[in-house]
Asker: 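The structure that follows is given in the form of structure tokens.
We use all heavy atoms of the structure for the numbers below, so side chains are in, but hydrogens, waters and symmetry mates are not. Labels below follow one simple rule: chain letters A, B, ... track the order of the sequence lines, proteins then strands, and each chain is numbered from 1.
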Amino acid sequence: MLVIKYQRPPGTSDVTPDEAGQWHEIEASFVELCRRHCFSEVRTPIFEDTELFIRSVGSGTDIVSKEMYTFEDRGGRSLTLRAEGTAPAVRAYLENHLMQQDPERVVKLYYIAPIFRYDRPQAGRYRQHTQFGLEAIGSASPAVDVEIIQTTSEFYEAVGIDNALLKLNSVGCPECAPEYVKAIRAFTADKLEQMCEDCVRRYDENPLRMIDCKNEQCRAVVQQGPTMIDTLCQECAEHFAQVRGYLELLGLAYELDPYIVRGLDYYTRTAFEFAAEDIGAQSSIGGGGRYDGLVEQMGGRPTPGVGIGIGVERVLLVRQQLGVAGAEPARSGCFMVTLGDAAWAAGLKLAAQLRGRGLRVDVDYRRRSMKAQLRYADSEKFARALIIGDDELAKGVVAVRDMDSGQQEEVAMGELPEFLRGSTR
RNA sequence: GUGGGCGUAGCUCAAGGGUAGAGCACUUGACUGUGGCUCAAGUGGCUGGGGGUUCGAGUCCCCUCGCCCACCCCA
């Protein structure tokens with residue numbers, strides 16, 4: 001075997017020509033939905049000031065404490081490869097004054113961006129992955145939460161995913177969230193001996209993590225206890241009720257899941273996640289929520305916001321699992337089949353001319369036999385073979401062969417662009 | 001970061017101490033200028049890498065790299 005000297009870094013992947021079509025397909029679906037819903041694209045640098053992520057995501061989170069790709073540049077700045085999509089979008093919102101002096105303007109942004117996290121790779125989890133993201137900054141209206149959810153839901157449907165399950169929760173605000181922490185601590189205090197080691201540790205360090213523990217015994221305990229929804233303050237409870245009302249108004253199905261905890265500190269109120277089955281342990285194909293304190297925390301005026309990140313590689317996994325992977329590419333374009341040196345030269349010239357007219361044309365640089373050229377034209381799904389040999393040259397024609405039907409006719413060389421126009425891209 | 005499984009041809013997989021194989025794909029031919037079907041032949045391997053045991057190692061042992069699965073975490 002070929003000795004391969006260099007390999008991709010762990011947890012990264014190449015999108016090969018075979019797969020690129022699928023990427024284009026789902027990117028096009030996403031962009032089209034963003035257009036309909038009036039989200040505008042924002043493109044931010046692939047790295048940011050390290051502090052941006054620490055301050056927004058939270059220094060205690062796994063992302064910040066052990067998953068960031070952080071490095072120092074030659075000027076001594078600490079930079080970090082984009083670990084998350086929301087913080088850079090909010091930074092760009094503030095830095096470019098996208099609110100245009102109207103702090104209540106609803107700024108709807110989308111991005112398609114690689115995200116980097118140092119983690120142990122496994123199916124559906126990579127060190128570089130791609131997120132399609134939506135952010136709506138400037139409004140606290142629960143209808144905005146629902147538009148984010150709706151747009152995402154429409155996206156899944158557009159790319160053939162019909163089994164995405166929306167899980168919904170509210171994590172409250174800085175007023176009421178601590179109440180829940182107190183409540184769950186109080187409830188579990190005398191039940192720790194029934195719970196796993198991790199949860200005993202979490203009791204002190206991060207009690208919220210106890211509620212999404214997968215251990216069955218822990219679940220049994222937690223399910224008897226209070227839920228976040230029970231301890232919401234009146235404003236948060238009202239907001240959440242309205243989110244649910246809008247979801248119902250728009251006919252969006254969801255499942256209440258009081259055990260969703262988001263791993264980033266900036267989330268407030270609405271938290272949601274889209275889950276798909278059968279792609280392994282990493283079943284979340286999109287997740288997000290509201291972040292009403294983030295803009296202010298990053299130096300802006302108090303401004304509410306809500307957004308989502310969609311895991312593109314996981315979307316592709318689900319499509320593969322469901323068998324909806326891209327349609328067979330239709331036959332297209334022309335393959336130039338030439339015999340002999342004079343025909344080869346004429347073919348090159350003709351190919352250039354046809355490409356100038358917008359047609360897709362390739363030639364056989366290997367100068368192989370006619371049989372080999374036709375076999376190649378067939379296997380590469382060309383719609384037409386343009387055959388030129390001494391006979392055709394003498395008559396000033398090209399034999400145009402339809403690769404589906406096998407029908408062939410001679411067309412005068414000068415009339416070829418006209419003949420092919422529209423019929424063969 | 002912890003535990004477990006797996007790395008053999010471009011792809012999917014055989015061979016479990018004694019000459020590395022099959023199917024598909026690719027190339028060529030049967031068909032002197034006509035693809036898809038059929039038949040035949042051919043190209044293609046330092047068996048992931050390094051070390052060890054042995055007369056002899058895909059095969060046994062150690063190290064290493066990578067992939068997969070679970071934990072954890074997240075999209």
Asker: Write down the atom of A:Tyr93, the atom of A:Ile137, and the distance for their closest heavy-atom approach.
Answerer: CZ-CG2, 3.6 Å

Asker: Expressed in angstrom and rounded to an integer, what is the separation of A:Arg125 atom CZ from B:C67 atom P?
Answerer: 13 Å

Asker: Atom CZ of A:Arg120 and atom C1' of B:G3: how far apart are they, to the nearest Å?
Answerer: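 So the CZ-C1' distance, A:Arg120 to B:G3, works out to 9 Å.
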
Asker: What integer number of Å spans the C1' atoms of B:A57 and B:G1?
Answerer: 35 Å

Asker: With respect to the side chain of A:Gln7, which nucleotide from B:A75, B:G66, B:G35 is positioned closest?
Answerer: B:G66

Asker: Which part of the nucleic acid, if any, lies within reach of A:Gln408 when heavy atoms closer than 4.0 Å are counted: base, sugar-phosphate only, or nothing?
Answerer: base

Asker: Verify the contact: side-chain N or O of A:Gln122 to OP1 or OP2 of B:A70, cut-off strictly under 4.0 Å; return yes or no.
Answerer: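 So the side-chain polar atoms of A:Gln122 do come within 4.0 Å of the phosphate oxygens OP1 or OP2 of B:A70, strictly under.
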
Asker: Would you measure the distance from the P atom in B:C37 across to the matching atom in B:A70 and give it in whole Å?
Answerer: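 To the nearest whole Å, 39 Å.
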
Asker: Looking at B:C6, which nucleotide sits across from it as a Watson-Crick or G-U wobble partner, both distances under 3.5 angstrom, or is there none?
Answerer: B:G66

Asker: Tell me the interatomic distance from A:Tyr118, atom OH, to B:C72, atom P, rounded to whole angstroms.
Answerer: 20 Å

Asker: Ignoring the backbone of A:Asp391, work out which of B:C69, B:G33, B:C74 is nearest its side chain.
Answerer: B:G33

Asker: Quick one: does A:Arg117 reach the base of B:C74 with a side-chain donor-acceptor pair under 3.5 Å?
Answerer: no

Asker: One thing to verify: whether A:Glu147 and A:Lys108 come together as a salt bridge, which I'm taking to mean a side-chain N less than 4.0 angstrom from a carboxylate O.
Answerer: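 Judged by the 4.0 Å cut-off on N to carboxylate O distance, A:Lys108 and A:Glu147 do form a salt bridge.
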
Asker: Taking only the C1' atom of each, what is the distance from B:G17 to B:U59 in whole angstrom?
Answerer: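 Rounded to whole Å, the distance is 7 Å.
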
Asker: Looking at the angle O4'-C1'-N9-C4 for a purine or O4'-C1'-N1-C2 for a pyrimidine, is B:G10 syn or anti, with syn meaning within 90° of 0?
Answerer: anti

Asker: Select from A:His129 and A:Gln407 the residue whose nearest nucleotide in RNA chain B is closer to the 5' end of that strand.
Answerer: A:Gln407

Asker: Spell out yes or no: do the side chain of A:Arg375 and the base of B:G36 have one donor N/O and one acceptor N/O closer than 3.5 Å?
Answerer: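 Absent.
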
Asker: Can B:G16 be described as syn, meaning its chi torsion is within 90° of 0, or is it anti?
Answerer: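 Syn, since the glycosidic angle lies within 90° of 0.
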
Asker: Can you check the A:Phe382 CZ to B:G35 P distance for me, whole Å?
Answerer: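 Distance check: A:Phe382 CZ to B:G35 P gives 18 Å.
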
Asker: A:Asp62 has a side chain; which of B:C67, B:U34, B:C73 sits nearest to it?
Answerer: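 When the side chain of A:Asp62 is considered, B:C73 is the closest of B:C67, B:U34, B:C73.
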
Asker: What does A:Gly85 touch in the nucleic acid at a heavy-atom separation under 4.0 angstrom: a base, only the sugar-phosphate, or nothing?
Answerer: nothing

Asker: By the 4.0 Å heavy-atom rule, please label A:Arg127 as base, sugar-phosphate, or nothing.
Answerer: nothing

Asker: Under a 4.0 Å threshold between the charged nitrogen and the carboxylate oxygen, would A:Arg55 count as salt-bridged to A:Asp265?
Answerer: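 Salt bridge between A:Asp265 and A:Arg55, a charged N being under 4.0 Å from a carboxylate O: no.
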
Asker: Rounded to the nearest Å, what distance is computed from the CG atom of residue A:Leu386 to the P atom of nucleotide B:G33?
Answerer: 20 Å

Asker: Can you check the distance between B:C65 and B:A22, where both ends of the measurement are the P atom (answer in whole Å)?
Answerer: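 Each nucleotide's P atom is 35 Å from the other's.
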
Asker: Measure distances between side-chain N and O atoms of A:Arg368 and base N and O atoms of B:U27, and say whether any donor-acceptor pair falls under 3.5 Å.
Answerer: no

Asker: Rounded to whole angstroms, how far apart are OH on A:Tyr266 and P on B:C74?
Answerer: 11 Å

Asker: What's the NZ-C1' distance between A:Lys66 and B:C73, to the nearest Å?
Answerer: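 Computing the A:Lys66:NZ to B:C73:C1' distance gives 7 Å.
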
Asker: P atom, B:C63 versus B:C6: distance in rounded Å?
Answerer: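 One P to the other, the span is 16 Å.
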
Asker: If we count only N and O atoms by modelled type, under 3.5 Å, do the side chains of A:Ser56 and A:Gln297 hold a donor and an acceptor together?
Answerer: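 A:Ser56 vs A:Gln297: no donor-acceptor pair found between side chains.
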
Asker: Does the separation of the ring centres of A:Phe30 and A:Tyr110 fall below 6.0 angstrom?
Answerer: yes

Asker: Check this for me: does the side-chain of A:Gln373 come within 3.5 Å of the base of B:U34 through a donor and an acceptor?
Answerer: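 No, no donor-acceptor pair under 3.5 Å.
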
Asker: Please confirm whether any donor atom in the side chain of A:Glu392 sits under 3.5 Å from an acceptor in the base of B:G33, or the reverse.
Answerer: yes

Asker: Quick one: does A:Arg127's side chain have a donor or acceptor within less than 3.5 Å of a partner on A:Asp119's backbone?
Answerer: yes

Asker: The side chain of A:Gln282 lies closest to which of these nucleotides: B:C68, B:G35, B:C74?
Answerer: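 Among the listed nucleotides, the one closest to the side chain of A:Gln282 is B:C74.
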
Asker: Measure from CD1 on A:Ile388 to C1' on B:G33 and round the result to the nearest Å.
Answerer: 13 Å

Asker: Show the nearest heavy-atom pair for residues A:Met336 and A:Gly347, with the distance to one decimal.
Answerer: CE-O, 3.6 Å

Asker: Within the structure shown, what part of the strands sits under 4.0 Å from A:Asp18 by heavy-atom distance: base, sugar-phosphate, or nothing?
Answerer: nothing

Asker: Under 3.5 Å, is there any donor-acceptor pair linking the side chain of A:Arg8 to the base of B:C67?
Answerer: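 It does not, because no donor-acceptor pair links the side chain of A:Arg8 to the base of B:C67 below 3.5 Å.
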
Asker: Taking atom P in both B:G44 and B:U27, what distance in whole Å separates the two?
Answerer: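 These two P atoms come out 16 Å apart once rounded.
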
Asker: What distance, rounded to whole Å, do you find between the two C1' atoms, one in B:G52 and one in B:C68?
Answerer: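 Going atom to atom, C1' in each nucleotide, I get 28 Å.
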
Asker: For A:Ala385, which contact category applies under a 4.0 Å heavy-atom criterion: base, sugar-phosphate, or nothing?
Answerer: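 Result for A:Ala385 = nothing.
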
Asker: For A:Gly124, report the nucleic acid contact type (base, sugar-phosphate, nothing); a contact means any heavy atom under 4.0 Å.
Answerer: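 Base, at least one base atom sits under 4.0 Å.
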
Asker: May I ask you to check if A:Arg360 and A:Phe382 form a cation-pi contact, with NZ or CZ under 6.0 angstrom from the six-membered ring centre and within 45° of the axis?
Answerer: yes

Asker: For A:Ile310, which contact category applies under a 4.0 Å heavy-atom criterion: base, sugar-phosphate, or nothing?
Answerer: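 It contacts nothing in the nucleic acid.
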
Asker: Could you give the distance separating B:U8 and B:G58 at their P atoms, to the nearest angstrom?
Answerer: 15 Å

Asker: Among B:C74, B:U27, B:G35, find the nucleotide with the atom closest to the side chain of A:Arg366.
Answerer: B:U27

Asker: 5'-most contact on RNA chain B: A:Tyr126 or A:Ser379, nearest heavy atom basis?
Answerer: A:Ser379

Asker: Which part of the nucleic acid does A:Gly133 contact within heavy-atom distance under 4.0 Å: base, sugar-phosphate only, or nothing?
Answerer: nothing

